[in-house]
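Step one of this worksheet: look at the structure below.
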Amino acid sequence: MAIESFSAPSFSSRSVCSNTRTESTQYTRSHSFPHVSRRTQLTRSTRYLKFQSIPTRGPAIISRLNASSDGELMYELHCSYPRRKGRTPVYVTLPVDSVGPSAQTMRRKKVMAQSFRALAAAGVEGVVMEVWWGLVEREYPRLYNWQGYLEIILLAKRCGLKVRAVMAFHQCGSGPGDPFWIPLPQWVLEEMDRDPNLSYSDRFGRRNMEYISLGCDNLPILHGRSPIQAYADFIRNFRDTFRPFLGSIVTGIQVGLGPGGELRYPSCPTQKLTWAWQSLELGEFQCYDKYMLASLNAHAWKRGMHEWANAGPIGASNLLQNLENTDFFRTDGSWKTPYGEFFLEWYSGMLLLHGERICKEVKAILRGTEVNMSGKVGGMYWHYGTQSHPSELTAGYYNTSTRDGFLPIARMFGRYGFSICCACFEMQDSEGQQMNATSSPEGFLEQLLLAARDCDIPLEGENSATNFDDTLFQQVLKTSKFYSDGPRTPPFSFNFVRMDKNLFEYRNWSSFTRFVRQMSDVNSFRGKLGFGGDTTVSSPSAAAYAGAVLA
């Protein structure tokens, strides 16, 4: 049964985990900013502030084992975990299939409860919950079903965890055979079947159904509503439904802005992004649906360049060709000609305008809720070491060796009070360049972080791939320190992607909890499990017992 709103529920039941937090910070002078690569061509001579936290009492965790009615041992953790300014909160992204296909209920409730308790005991700040448009508003426009997400929020509240909600207006997975397949709402797909131009298209006529083309942002193509209006109505209904939790439990909302939730074009299908950096994948310009072409045509006529009105760049070649064999992307290619500048300014400008439209709506909808807003930028780094940066250009980021394409994006987010979320925090150049010499995730990320800090924008970091090697965690620590060592450093937090059964295996859990402690800079802690004696088991054991059965 779908729900559109609910009265504030009673929270009289005893919480499984209750956190009390204290905050105390002092500021001291530090020395110069860490090394900035030559590629960014940015220098700084300002003195910087460094956070130093006053020592605080370590967390107290008391665990008690109980036998449930079905004979399964359950434990309860009562946590007193000190929190303070200057620390880096860590969130954990939930499994894609945390709610059922109709969003009616939270899946694997007992396992989810055990896992939430383990996360709370480890000092994790909260969870990231993807709220899928294709599930909540699945069958009919304006008929929303939030029940499964309500159960997640209530569970997080009981465990003393915060929630970041991701408004996911994109497709998940590669197709019906994908175990994590979540398409756009059925009624939206019906409209896209009637008018294929609602989806992005490249010059070969290949359609991408991951996200509605931004070329029709303001056209009433969805049962009398525009896509922007449909997104706004969805977020407004979320606000009204979960108002009792906003600002206290639901402390952040990340708004989907494109494929994969990122502000970009689907230049490379999302399912390919996990391996695209290993190849010479250039991407394709997504400007060939009739709505994008109409905009390009109008822009060309306005500039008096009628010959540039009907198509994207000639000589951009195909997805996998070496860029030096293309007329547009090669080092002395047409990307740096007046035509290239005209096209790339329009193409990237349309993407910025799309982000601005949504951010403006969301800011108005969430005004007064004390919820942090954020948007995500895609990590398209696999040709960052070239002059033309083709994988960035085709994604809509007009960033080249001679132009900073991330400052306009950061300024756009900053105008509306949005944080920037970006992935690749665990990636190293040395690893990527073994497969692709022009790949540079560190250079890409460094430039984006500098743009965010120049605009005084809070940052949310993420990992791109899930593994539990200590090298991953150390690289995240290094990158976060790079961002945080500066004057008036904006807030920084990290989303670990994502929770699964592997996280709770003993060795992995040990690495993860050590990472959380390092990000929080707090003393180690131990959980006491009473078996009628004084047996003490470290938190990795408790977590392994609690959550290792996640499917």
Side-chain angles (χ1 to χ4, degrees), residues 169-171 199-203 206-217 227-228 231 255-270 272-273 276-277 281-289 291-296 299 311-313 316 319 323 328-329 334-336 339-359 375-384 386 388-413 418 420-424 444-445 447-448 451-452:
F169 297 118
H170 59 282
Q171 167 190 299
S199 58
Y200 287 109
S201 177
D202 64 17
R203 63 198 173 96
R206 293 176 295 200
R207 301 284 177 181
N208 186 293
M209 306 284 284
E210 296 181 60
Y211 189 81
I212 299 174
S213 169
L214 61 82
C216 50
D217 268 355
I228 298 295
Y231 304 149
V255 183
L257 299 169
E262 300 166 344
L263 180 66
R264 62 175 176 86
Y265 293 100
S267 53
C268 180
T270 298
K272 287 187 176 183
L273 293 183
W277 62 273
E281 195 91 33
L282 304 180
E284 288 283 353
F285 290 111
Q286 303 291 314
C287 59
Y288 290 86
D289 65 78
Y291 302 107
M292 290 292 287
L293 287 176
S295 173
L296 176 60
H299 188 64
L319 287 169
L323 66 90
F328 190 81
F329 295 123
S334 54
W335 61 273
K336 57 171 60 175
Y339 166 73
E341 293 173 359
F342 156 82
F343 175 80
L344 294 171
E345 285 176 357
W346 167 79
Y347 190 68
S348 62
M350 287 288 285
L351 186 66
L352 278 172
L353 181 59
H354 173 69
E356 186 133 11
R357 287 166 174 160
I358 296 179
C359 290
K376 191 173 183 180
V377 174
M380 320 299 287
Y381 53 81
W382 41 93
H383 287 290
Y384 188 83
T386 67
S388 63
H389 295 221
S391 53
E392 294 156 69
L393 297 185
T394 54
Y397 306 149
Y398 189 2
N399 189 59
T400 68
S401 60
T402 59
R403 187 182 190 277
D404 189 338
F406 295 116
L407 270 175
I409 295 173
R411 289 169 181 155
M412 183 273 292
F413 281 129
F418 271 58
I420 289 182
C421 179
C422 54
C424 312
F444 177 97
L445 189 57
Q447 185 183 350
L448 181 59

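Remember, predicted model here, so these are calculated numbers, not experimental data.
Taking all atoms of both residues into account, the shortest heavy-atom contact from A316 to F329 is O-CE1, 3.5 Å. Here the closest heavy-atom approach between residue Q447 and residue G405 is recorded as NE2-N, 4.2 Å. Contact detail for A311 and Y339: the closest heavy-atom pair is O-OH, 3.8 Å. Annotation for M350 and M292: closest pair CE-SD, 4.1 Å, computed over non-hydrogen atoms. Minimum heavy-atom separation, L257 to H354: O-NE2, 3.1 Å. The two residues D289 and S201 come nearest to each other via the heavy atoms N-CB, 4.0 Å.
Note that CZ of F343 is 11.0 Å distant from OH of Y398, once rounded to the nearest 0.5 Å. Residue C268 holds its SG atom at 10.0 Å from CD of Q286, rounded to the nearest 0.5 Å. Note: L344 CG to T400 OG1 = 8.5 Å, rounded to the nearest 0.5 Å. Expressed to the nearest 0.5 Å, how far CZ of R264 lies from OG of S391 amounts to 11.0 Å. Of the inter-residue distances, the one linking W335 atom CH2 with S401 atom OG reads 4.0 Å to the nearest 0.5 angstrom. Rounded to the nearest 0.5 angstrom, C359 SG and F418 CZ are separated by 4.0 Å.
In this structure the side chain of P259 never reaches within 4.5 angstrom of the side chain of H170, judged on heavy atoms. I212 places a side-chain heavy atom less than 4.5 Å from the side chain of Y231. You'll find the side chain of M380 reaches within 4.5 Å of the side chain of S267, heavy atoms only. Using a 4.5 Å heavy-atom threshold, the side chains of L352 and E356 count as separate. Here the side chains of K336 and T402 are not in contact, with every heavy-atom distance at 4.5 Å or above. Using a 4.5 Å heavy-atom cutoff, the side chains of L214 and R357 are not in contact.
Listed for the Y384 side chain is no donor-acceptor partner under 3.5 Å among the backbone atoms of E392. Of the possible donor and acceptor atoms, one in the side chain of W382 sits under 3.5 Å from a partner among the backbone N and O of E281. Between the side chain of T394 and the backbone N or O of L282 there is at least one donor-acceptor pair closer than 3.5 Å.
Taking the six-membered ring where the residue is Trp, the centroids of Y397 and H389 are separated by 6.0 Å or more. Between F413 and F406, the gap from one ring centroid to the other reaches at least 6.0 Å.
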- Task: Take Y211 and F169 through the side chain to side chain contact (heavy atoms under 4.5 Å, CB included) test and state the conclusion after the steps.
- Result: CA-CA 7 Å; Y211 189 81; F169 297 118; 4.1 Å; yes
- Could you walk me through whether F342 and L296 pass side chain to side chain contact (heavy atoms under 4.5 Å, CB included), step by step? CA-CA 10 Å; F342 156 82; L296 176 60; 4.1 Å; yes
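A parallel orientation is assigned to the rings of Y347 and Y265, their planes being inclined by less than 30° (bins at 30° and 60°).
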